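The figures here come from the full heavy-atom set of this structure, side chains too, leaving out hydrogens, waters and symmetry mates. Since the model is a prediction, treat every value here as computed from it, not as a measurement. First the proteins, then the strands, lettered A, B, ... as listed; each starts at 1.
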Amino acid sequence: MSGLPPVPGTEHQTITIESNDDVVRARQLVRGLAQRCKLSLVDQTKLVTAASELARNTLVYGGGGVMRLGLVQRDGRTGVTAVFEDSGPGIPDIDQAMTDGWTSGGGLGLGLSGARRLVDDFTLETEVGSGTQIAVTKWAR
Amino acid sequence: MTERVPVLKIGDVLLVSIQVDLEDQIVLDLQEDLASRIVESGARGVVIDITAVEIVDSFVGRMLATTAAISRMLDAETVVVGMRPAVAITLVELGLSLGGVRTALTLEKGLNLLARPGNDRPAQR
Amino acid sequence: MAEQDISARLVELLTARGELLASAWVEAVSRTLRGRISLAELDRELHDLYTALVAGIREGGSDWQGEAYAEVRALLSELSRGRARQGFTPTETATSVLACKDILAPTADTPAEDIHAYLQLSKLVDSLALFTLEVYAKTREEIISAQAEQLMELSTPVVKLWDGVVAVPLVGTLDSARTQVVMEKLLQALVDINADQAIIDITGVPAVDTEVAQHLLKTVVAARLMGAECIISGIRPQIAQTIVALGIQFGDIVTKASLADALKHALRNSSTDLSINGGQA
């Protein structure tokens, strides 16, 4: 599965997501980087919330995985990108999974669709039986 | 050995002030603790203070809504106080409007709201 | 003739009668600017530039993007920014640079090698003029975006109407970005002055589109989440029609015809709080 290319010259971190504590850690790392990238408070909050939803998805539905986090650059703007990867069952029907209120695991069904609304860029790659990768980016205004 | 959020009792109101970055298990424990403390203490109201909370995602949002619904069934009113603007904007964007949860700007206003049950505004959607 | 030789000849030409040529340049430019810059200032500006340009050609030939031209580019940027701020047109700004060509303009009895030198200067000056224009355009963009920001600040005041009541009177066209700024400012004001009644007055707003209407709705819902009630006042008939036609549900949001009605409603809503807090204050 093709990963988001790390931007040359910017640092990036990878953490494993295997427990609830890791979800908290993922949030803290994302917030730290969002602050350094000078996202507005509202944008920071949106990105951290999206990361929280996706990290939980990785844990609950993907059976654990990793988050890769880094700064990205495009057209002179800086952004924070977080990529969540698992090798879980994958998502059979993406359209359905992206619908508000649809859930396969007893949640509110706002995780994916909500996370997409909270960020500027959202890409999802999934293959049934081999895993899911979701990348989200928030750009500094 | 997960930590637990303390539930304080003031008169007939239970007060929870969340000061830590919420891990999912703590959230579930809190929901359980509150339900049993309402029954034990016969509390009439619950105030959940989230002034210090930097993000509320759908998991925590669901806990707030569920707690409100459970406590109502146990004859106690729940008020969530101190939500930050950025958190509120994010929740709306996320698609959560916390139906059935009453809210107040500050702890003081939240307690006032519970103190005057006959006088308050109609319950919010 | 090799390029170095042409450059050397060019430097020779430019230095031999340096003072005269620079003055001719100043003279030509001052005519186009018609006294809107003092002659002394222009004289200093162009003489500095002339000196730097000759040095640049001597060191770096015609490679105007190279290290040797750093000084030239810095001076041009400064000139260009100044012109943009003072409101000169792009033509006037570019002409200041382009006029530099004419001082070596060949005549009937110009020897062939000097014509080569002139052509090189001409190409060089063209590039530098384009560079100047780019800086000019960039500066204008900066000015525009700074003004837009100022306008945004000016046009979204959040005012305290009463104890516990804030209002934001919106005037002019609302776009998505501005509505978002208003939303954030209003919600922050609720916290800052401990107000649980907010009024968004859109009397001065000529029209709304779907996105703006959605933002207004979201603001109301977000205010509720924080424990405040939000009233929208001053909805014009056309806007009401738009909102209905767009199929946007305003649901149970309180709307009032005028700001006065909205304030009355807000005070009635918060009156219990006022009487209680009033005793303590």
Inspect the surroundings of NZ in A:Lys38 and state if more than 12 heavy atoms from other residues, nucleotides or ligands are less than 6.0 Å away. no

Among side-chain atoms of B:Glu54 and A:Thr45, is any donor-acceptor pair under 3.5 angstrom? no

Can you check whether anything in residues 84-92 of chain B gets within less than 4.5 Å of chain A, heavy-atom wise, and list it by number? B:Ala86, B:Val87, B:Ile89, B:Thr90

How long is the span from the CZ atom in A:Arg56 to the CG atom in B:Asp24, to the nearest 0.5 Å? 4.0 Å

Kindly indicate, with the supporting measurements, whether the criterion side-chain contact (heavy atoms from CB on, under 4.5 Å) is fulfilled by B:Glu23 and A:Asp21. CA-CA 6 Å; B:Glu23 185 239 280; A:Asp21 281 336; 3.3 Å; yes

By a 4.5 Å heavy-atom criterion (distance strictly below it), what part of A:Val48 contacts chain B: side chain, backbone, both, or neither? both

A:Arg27 side chain to B:Leu22 backbone, donor-acceptor under 3.5 Å: yes

B:Val56 versus chain A, the contacting section by heavy-atom distance below 4.5 Å: backbone

For A:Glu53 against B:Phe59, the heavy-atom pair lying closest together: OE2-N, 4.5 Å

Let's go through A:Lys46 and B:Leu94 carefully: what are the C-alpha distance in whole Å and the side-chain angles of both, what is the deciding distance for side-chain contact (heavy atoms from CB on, under 4.5 Å) to 0.1 Å, and is it a yes or a no? CA-CA 9 Å; A:Lys46 285 181 177 177; B:Leu94 196 60; over 6 Å; no

Counting C-beta onward and ignoring hydrogens, is there a side-chain heavy-atom pair between A:Thr49 and B:Glu93 closer than 4.5 Å? no

Find out whether B:Asp21 and A:Gln28 are in side-chain contact, i.e. whether some heavy atom of one side chain is under 4.5 Å from a heavy atom of the other. yes

B:Asp75, CG atom: more than 12 neighbouring heavy atoms under 6.0 Å: no

